[in-house]
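First the structure, in the form of structure tokens, and then the observations on it.
In the text below, chain A, chain B and the rest are named by the order of the sequence lines, each starting its count at 1.
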There are 2 protein chains.
Amino acid sequence: MTGSTKTPRETPRERYRQQVREEVKEKAWQQIAGSGASALSLNAIAKQMGMSGPALYRYFANRDELITELIRDAYRSLADAFLAVADAGAGRPALPELARVLRRWALADPHRYFLVYGTPVPGYHAPQDITGIASEMMSVLLDACAAAAPEPAPGAEAHAFEAHLADHRDWAEGHPDATPAVLRLAMTFWSRLHGTLSLELAGHFTGMGLDPALLFEAEVDTLTAR
Amino acid sequence: MTGSTKTPRETPRERYRQQVREEVKEKAWQQIAGSGASALSLNAIAKQMGMSGPALYRYFANRDELITELIRDAYRSLADAFLAVADAGAGRPALPELARVLRRWALADPHRYFLVYGTPVPGYHAPQDITGIASEMMSVLLDACAAAAPEPAPGAEAHAFEAHLADHRDWAEGHPDATPAVLRLAMTFWSRLHGTLSLELAGHFTGMGLDPALLFEAEVDTLTAR
DNA sequence: TTGTGTTCGTTAGAAGCTATAACCAGAATG
DNA sequence: CATTCTGGTTATAGCTTCTAACGAACACAA
């Protein structure tokens, strides 16, 4: 007795189903790594797995559902990397460490990065649970930013953007104590590092022979040193 | 006599050819604006122009050549916008003005922006003349950065990235007097603004209800105020 | 004006894709 | 044991890019 509940889990049928789905996604990642997400072919995957075309439609409703699943896994993978840092650092990871984890994750599979942060698919809207994963990451980031403590302003007036953040902080739900400066730091972290990473992975630096890692580190420094 | 040279220009045949090519590109931009570049269909364009499928192959060797042409035009358009600012500002445009031109250009046609700075096509390598256009833009940017004058350092040591830039400045050909700090400012400008713009255009800010323009302006401020 | 050759359009067709429909064998379940 | 559900098959529609073969219109030259 493996303690089967009323919900049809653990049945060997379902186990096999999940196994095939995982194999499909695995082949899909291989294809994406080679030719990008736009060239992903269900037919080719099926042929590669030794079965014929339409069989895959028993496991995924259509191409978009498969891609959505891949995007979800990508988010999950990045979020897990962030959470691992948070756990190791007792919930208050250092900002540079978080940045380096992000870059490592991006370089490990550039196509995966672009699946998350690249050119959006026109009709596509991320399902609810994916935005949930995104806010998990944001939560870790906000903790790290709070630890980085940008000083509660000695006497200088807050930036207009920080004033705006003081009024629009719904996205930082769960961090009611975060100052506008902390919120701004989080957005700046996200935006700046995405800027360098995106340009690097897209190959915009290759022609000019300079080291993207150094630009990245320089931007990280501007985030912490203040 | 319209002074026709040996090269077959101005012949009515060639004029018509160019006219059709332009119309094709026009329809292509319309399609891209609606469904993104990946969904661009030569067949649909031909049908829309009242002619049948393969006729377009008289004007473009294949789909990639058409897209390359669109990318080239996009670069040209952005470079022209930059050059216009440079001309108006007597060759020394203000950095915030340049930034605002960039944002305006990006918002005017997000898909065009992603064609230039979005997810790269796996096999694609930009032809030589496109990198030439890119360096035109970089030249304007470098002029603006030189005008922004980040001070030749009062006594503090240069950042590691600036040291690296002092050794790798081939991409700044034509600006031998630019200090490492100026070079760094240009790279930072490019990278940071691309970061915010890319996230904004991809819709990563929509769910959290904050104004991307304010983040953009905040980042512009960090570039100039120093 | 009468050839002659280039150019632009056509239709036909190959090869690929997504996705649906119809069908059939085997496993799970009553 | 019989029934149902599930996962595979082939056939097919409709879309795509792109090549091939052909015809008509135009440009140019004798």
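Atom CZ in B:R21 sits about 15 Å away from atom C1' in C:dC8, given to the nearest Å. Remark: C1' of C:dC17 and CG of A:L66 are 15 Å apart, rounded to the nearest angstrom. Put simply, CD on A:E23 is 15 Å from P on D:dG7, counting in whole angstrom units. Whole-Å rounding puts the A:M51 CE to D:dT6 P distance at 17 Å. When rounded to the nearest whole Å, the span between CD of A:E14 and P of C:dA27 equals 18 Å. Atom CZ in A:F60 sits roughly 16 Å away from atom C1' in C:dT18 (whole-Å rounding).
Among the heavy atoms of the strands lying under 4.0 Å from B:Y16 are primed sugar atoms or P, OP1, OP2 only; no base atom is included.
Using a distance-only test at 3.5 Å, with no hydrogens or angles considered, no donor-acceptor pair links the side chain of A:E200 to the main chain of A:A213.
Remark: B:D129 engages B:R72 in a salt bridge (charged side-chain N to carboxylate O under 4.0 Å, His left out) (not counting sequence neighbours).
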**Annotated protein contacts, base or backbone, on nucleotides 16-29 of chain D with a non-hydrogen cut-off under 4.0 Å, one of B, S, - each** = SBBB-BB----S--

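Of the options A:Q48, A:M49, A:Q18, a side-chain contact (heavy atoms from CB on, under 4.5 Å) to A:E23 is made by A:M49 and by none of the others.
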**Request:** Before giving the answer on salt bridge (charged side-chain N to carboxylate O under 4.0 Å, His left out), spell out for A:R100 and A:E97 the whole-Å C-alpha distance, their side-chain angles and the decisive distance to 0.1 Å.
**Result:** CA-CA 5 Å; A:R100 253 170 261 129; A:E97 194 182 355; over 6 Å; no

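Between A:S191 and B:R192, the side chains place no donor N or O within less than 3.5 Å of an acceptor N or O (distance only, hydrogens not considered).
Note that A:R103 lies in the cation-pi zone of A:F216, set by a 6.0 Å cut-off to the ring centre and a 45° limit from the axis.
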